[in-house]
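First the proteins, then the strands, lettered A, B, ... as listed; each starts at 1. These figures come from a predicted structure and were not determined experimentally.
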Amino acid sequence: MSSLTATPSENESHITSYPKFVGRSLWLATEGSLAFYAWMTMLTAVFLVGANAWANQVAGGMIGTNMTDQVSWGLYIANFTFMVGLAAGGVMMVIPAYLYHDRKMHDVVIIGELLAIAAIVMCLMFVVADLGRPDRFWHLLPLIGKFNFPISMLTWDVIVLNGYLLLNLHICGYLLYMRFLGRKPNPTWYIPFVMLSIVWAISIHTITAFLYCGLGGRPFWNTALLAPRFLASAFVSGPAFIIVAMVFIKRITGVGGLDQPIATLTKIIRVTILINLLMVASELFTEFYTGGSHASAAKYLFFGLHGKTALVPWTWTAIGLNLTAAALFLWPGLLAFRWRPLLVAACCMAFVGAWIEKGMGLIIPGFVPSTLHEIVEYVPSQLEWKVTVGIWAFGLMVFTIAIKTALPTLKNPAKY
Amino acid sequence: MKKLKLRITNLVFATTVFLVVIMTFGLYLKRAERGNPHHDRADVRGLLQVANDDKVESDDKAFAVVVHRPAGPPRVALAGVDPQGRRGEVACSTCHSVRKANLENKTTDTLNEFHEGLVVNHGKLACYACHNPDDSDSLRLADGTNVAYQDVMTLCSQCHGQQATAFAHGAHGGMNGHWDLTRGPQMKNNCVDCHDPHSPSFPSMIVDFKPKDRFNAPAEHDQEGQ
Amino acid sequence: MAEQKPSLPVVENFSRRAAVKGAFATLGAGAFVAAVSPLRQAAKNSTAAEFMQQHYQELTAEQKAEVIARLEEEAKENYGVDVQIADDRPIPNTKFVYAINLSVCNGNGKCVEACHKENNHDRDTNQSYIRVLEMPKGTMDMEQGSTTYSGAVPKDDKFYLPVQCQQCDEPPCVDVCPVKATWKEEDGIVVVDYNWCIGCRYCEAACPYHARRFNWKQPTVPPEDVNPDQSYLSNRIRPVGVVEKCTFCLHRTRRGKLPACLEACPTGARVFGNILDPDSSIRWILNHKRVYILKEELGTKPAFFYYFD
């Protein structure tokens with residue numbers, strides 16, 4: 001888990017207690033009810049299907065995907081982009097907890113940090129799945145490979161994503177380890193990292209947006225609003241996922257004290273979902289009022305171009321989901337306990353809406369029409385869906401295990 | 001914990017400073033890279049302005065630009081065979097040394113015998129604008145100067161000066177071989193290699209090679225040419 | 001630490017539980033190995049030497065010789081032909097520039113075909129570095145163009161715009177590459193080290209001219225069609241999973257010859273040369289003709305010009 005940072009204890013050195021902690025966590029993570037085992041078995045099965053599909057993709061070349069030289073990024077990079085947002089979205093628990101000293105949020109903030117870990121792991125897996133030569137991954141490593149830093153935005157992304165992963169691993173690992181030792185965590189060893197992680201969360205999504213908006217040859221992406229839009233939708237999808245997760249955690253494990261954090265996150269989404277819609281609207285106004293070939297990707301996305309309409313159903317679904325979710329979130333009654341299923345539904349809508357908007361609705365239209373204005377449509381192949389679902393399954397496995405490990409902490413929050 | 005109390009404004013400020021610093025750093029390094037002589041990105045536009053100042057020594061160009069020339073005056077194939085069964089070919093002068101040129105022929109309508117069926121689509125030129133009535137095995141410039149068939153480009157250049165200039169500078173007519181004349185010769189076509197002097201407009205062609213894109217079927221409106 | 005051991009109905013004691021967990025972990029690991037077994041086939045096709053190969057610019061002369069010998073051997077093994085892979089370096093005081101006469105080009109596509117053959121492109125897809133747009137007269141908006149035209153050309157109301165790598169002086173593709181697998185050489189040619197590229201395709205997204213191609217599968221070329229006259233940075237048969245691009249036929253042009261697309265052009269629309277030579281055709285064209293630069297507003301500074309009579 002995390003690196004060892006605390007001062008040695010009186011009785012036992014970390015060299016012996018840390019492995020015990022890891023073993024204990026592992027044991028705890030694999031304990032559970034039949035439903036838990038069924039859930040994990042299902043995820044494993046799906047993950048194995050994905051792993052097999054990916055192995056076939058590596059062996060046979062990426063011809064198994066439906067990507068082309070015109071649409072050279074597809075479902076993988078779409079999911080990657082969304083996952084960065086999910087990872088950054090976890091920070092919406094950290095900010096109330098540490099900056100506004102929300103006591104209740106502070107007790108469960110680890111859920112957000114664990115989500116960040118799982119999401120970043122998925123990000124890295126999606127990037128690897130998208131590589132034509134995963135065997136040459138070492139070329140990307142600083143020092144032994146050749147790292148085009150700082151010119152290439154992708155190298156920035158490699159740094160910030162791995163940095164964010166390490167930060168969150170450290171924070172969660174340290175807190176859980178201290179808990180295991182039964183000691184009070186020393187703020188010097190984690191508060192600065194928490195503060196850094198807040199800035200860092202914003203940077204991961206900003207830099208991921210810079211990957212796209214820095215490309216002059218792709219007018220659909222080449223907008224200064226992209227990074228703020230990414231952040232706004234991340235602060236919808238992240239909290240939405242966490243709310244759903246917390247509702248389930250409460251239902252399944254009986255962890256208490258989650259209702260107030262749920263309310264806080266709902267209030268956050270209430271604002272961010274509107275900001276996101278506002279940004280989408282101003283983007284669309286600029287595109288369509290100006291017109292010209294600069295707007296052709298937007299035209300393709302919303303209405304189809306020259307009779308090609310593959311993305312139209314996707315994007316209107318996203319718009320519909322986002323608007324419905326926004327309307328639901330604006331309704332004050334949503335927070336009432338008896339409307340929990342509706343809250344979950346609203347979160348799911350916002351989540352799926354953001355997924356489409358940032359994936360199929362943003363990455364793909366960047367390539368359609370192509371730079372030579374050819375309209376080559378893209379629909380993910382079966383292989384791509386398998387790999388994608390496999391990575392999602394793996395991410396959910398990581399998240400489930402992480403939550404399991406943290407359950408004792410969640411059930412009995414520290415009293416200090 | 002108390003001393004670490006941060007306000008959201010401070011955080012936003014810190015974020016902005018962080019981003020500004022990294023972007024400035026990035027841009028600075030990018031500029032530095034540009035100035036690096038290892039990345040020699042000579043600017044073409046700058047060169048154009050000093051086009052006449054720096055002369056590269058052109059004497060060491062060991063090879064020449066070779067312009068293809070036609071074999072000579074055309075020969076006309078005879079319809080029949082001689083007693084030995086051979087097909088015959090005769091020069092224009094075989095007939096035209098005895099048959100006087102008909103300066104009245106301005107269109108193909110009045111042509112007969114060997115010239116029947118000739119398609120001419122070259123402006124309003126009459127035959128003897130280019131052919132020489134006094135010496136049918138050579139051509140004639142507008143000022144009456146004789147030009148050998150091999151030097152037909154001189155004749156064409158009378159009217160097509162722009163093309164001739166462009167040709168002289170490699171901007172018309174294409175080439176083969178070497179761009180670097182220190183390493184090998186360059187071969188160029190003659191006007192009549194591509195243009196039929198009687199109907200000089202470049203012929204229409206059929207596209208027979210297309211990339212086969214998996215998902216880029218020809219669109220409806222592109223089928224009209226077939 | 002609060003410990004309430006959730007119990008399974010069947011397994012109660014610790015060591016048995018551990019054994020069951022271990023068994024399931026082993027089963028999972030075994031299933032994973034089985035799932036990714038196609039990787040073994042992929043691993044068979046790549047050697048340790050290939051895996052460990054350093055970046056082109058870091059190779060010493062001997063290492064380069066070794067690499068080239070290995071590549072020639074692989075070509076023999078996989079394609080059944082004896083090929084010669086050279087390592088052509090830029091000619092000093094040379095910067096290559098290309099120009100196309102749009103008044104003359106008739107869209108016949110011979111350049112596309114010549115590129116396909118010269119550069120050992122995949123035969124199944126008719127891959128080529130050149131794409132020609134058929135555009136209606138009276139516009140420069142590519143939106144109106146079409147690359148899928150066919151039949152007799154030129155059509156009366158159309159003109160033709162061939163597009164290939166513009167060998168930009170400010171190449172966005174080079175900037176975005178995370179591993180420096182693509183760079184601009186002294187003579188202006190943007191090259192790719194096919195043995196260093198990781199296949200992320202960021203360059204393909206960054207290029208405004210659709211100049212880059214990805215090897216979605218291993219290229220197929222029948223032995224009799226392979227052009228054996230090859231160069232490391234140019235037309236050697238590319239491995240699967242990497243990006244490639246037009247190199248102005250550097251295996252020809254760095255030996256003083258003209259590019260294949262130019263030689264194939266029956267209309268003489270294409271002109272190639274060294275811009276540093278004041279007597280070059282290219283210099284004359286840029287000084288005397290009206291020139292159009294594709295997507296000039298993007299600031300990529302192409303070394304590729306379109307001109308008109």
Side-chain angles (χ1 to χ4, degrees), chain A residues 30-34 44 48-49 51-52 54-56 58-63 65 67-70 72-73 127 130-137 139-140 145-148 151-155 158 179-180 182 211-212 214-218 293 296 366-367 369-374 408 411-412, chain C residues 1-3 5-6 8-9 21 28 31-32 35-39 41-43 46 51 55 131 133 141-145 147-148 163 172 175-181 196-202 204-210 212-218 239-243 295 298-300:
Chain A
T30 49
E31 285 292 285
S33 62
L34 265 182
T44 311
L48 288 176
V49 169
N52 179 254
W54 176 72
N56 280 322
V58 173
M62 297 186 83
I63 191 79
T65 72
M67 288 184 270
T68 52
D69 283 326
Q70 283 85 6
S72 51
W73 280 340
V127 170
D130 190 63
L131 289 186
R133 296 300 296 233
D135 55 321
R136 297 185 185 160
F137 192 76
H139 295 178
L140 252 177
K146 240 181 182 313
F147 205 51
N148 191 12
I151 306 291
S152 171
M153 273 297 131
L154 202 52
T155 57
V158 168
R179 179 79 195 197
F180 169 75
L211 281 183
Y212 309 109
L215 305 181
R218 305 278 174 192
S293 14
S296 46
F367 293 100
S370 79
T371 46
L372 297 187
H373 290 270
E374 294 174 281
K411 281 186 177 162
N412 302 292
Chain C
M1 184 160 228
E3 285 183 32
K5 254 191 200 165
L8 273 178
K21 280 185 185 181
F32 180 74
V36 298
S37 63
L39 288 180
Q41 195 217 322
S46 71
F51 179 72
H55 189 278
R131 281 184 108 81
L133 277 100
D141 183 4
M142 289 167 127
E143 178 88 36
Q144 323 261 346
T147 56
T148 51
V163 185
D175 285 349
V176 300
C177 178
V179 295
K180 297 188 186 173
W196 190 259
C197 171
I198 59 171
C200 71
R201 306 188 298 292
Y202 196 8
E204 236 182 340
C207 174
Y209 304 102
H210 191 65
R212 290 182 168 251
R213 305 283 184 275
F214 183 72
N215 287 279
W216 301 98
K217 65 183 191 66
Q218 182 67 45
V240 67
V242 303
V243 169
K295 306 196 183 187
L298 298 180
T300 51

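Closest of all the heavy-atom pairs between C/Ala35 and A/Ala55 is O-CB, 3.9 Å.
A heavy-atom distance below 4.5 Å is found between the side chains of C/Val240 and A/Arg133. Using a 4.5 Å heavy-atom threshold, the side chains of C/Pro172 and A/Leu215 count as separate. Considering only heavy atoms from C-beta on, A/Arg136 comes within 4.5 Å of C/Val242 through its side chain. Considering only heavy atoms from C-beta on, A/Val58 stays 4.5 Å or farther from C/Pro38 through its side chain. Counting heavy atoms from C-beta on, the side chains of A/His373 and C/Gln144 never come closer than 4.5 Å. Side-chain contact between A/Met67 and C/Glu204: absent, with no pair of heavy atoms (C-beta onward) separated by less than 4.5 Å. Using a 4.5 Å heavy-atom threshold, the side chains of C/Phe32 and A/Leu48 count as touching.
Rounded to the nearest 0.5 Å, atoms CD (A/Glu374) and NE2 (C/His210) are 5.5 Å apart. Taken from CG in A/Leu154 to CG in C/Asp175, the straight-line distance is 13.0 Å, to the nearest 0.5 Å. Atom SG of residue C/Cys200 and atom CZ of residue A/Phe137 lie 11.0 Å apart, to the nearest 0.5 angstrom. Separation of atoms NZ (A/Lys146) and SG (C/Cys177) is listed at 10.5 Å; rounding is to 0.5 Å.
Contact count versus chain A (heavy atoms, under 4.5 Å) is highest, among C/Phe214, C/Trp196, C/Phe51, for C/Trp196. Top candidate by heavy-atom pairs under 4.5 Å with chain A, chosen from C/His55, C/Met142, C/Lys217, C/Glu143, is C/Glu143. Options C/Val243, C/Val176, C/Thr300 differ in how many heavy-atom pairs under 4.5 Å they form with chain A, and the most are formed by C/Val176.
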(request) Go through the steps to decide whether A/Ile151 and C/Lys180 satisfy the test side-chain contact (heavy atoms from CB on, under 4.5 Å), and finish with yes or no. (result) CA-CA 10 Å; A/Ile151 306 291; C/Lys180 297 188 186 173; over 6 Å; no

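Both the backbone and the side chain of A/Ser72 come within less than 4.5 Å of a heavy atom in chain C. Only the side chain of A/Thr65 comes within contact range of chain C, with at least one heavy atom under 4.5 Å from a heavy atom of that chain.
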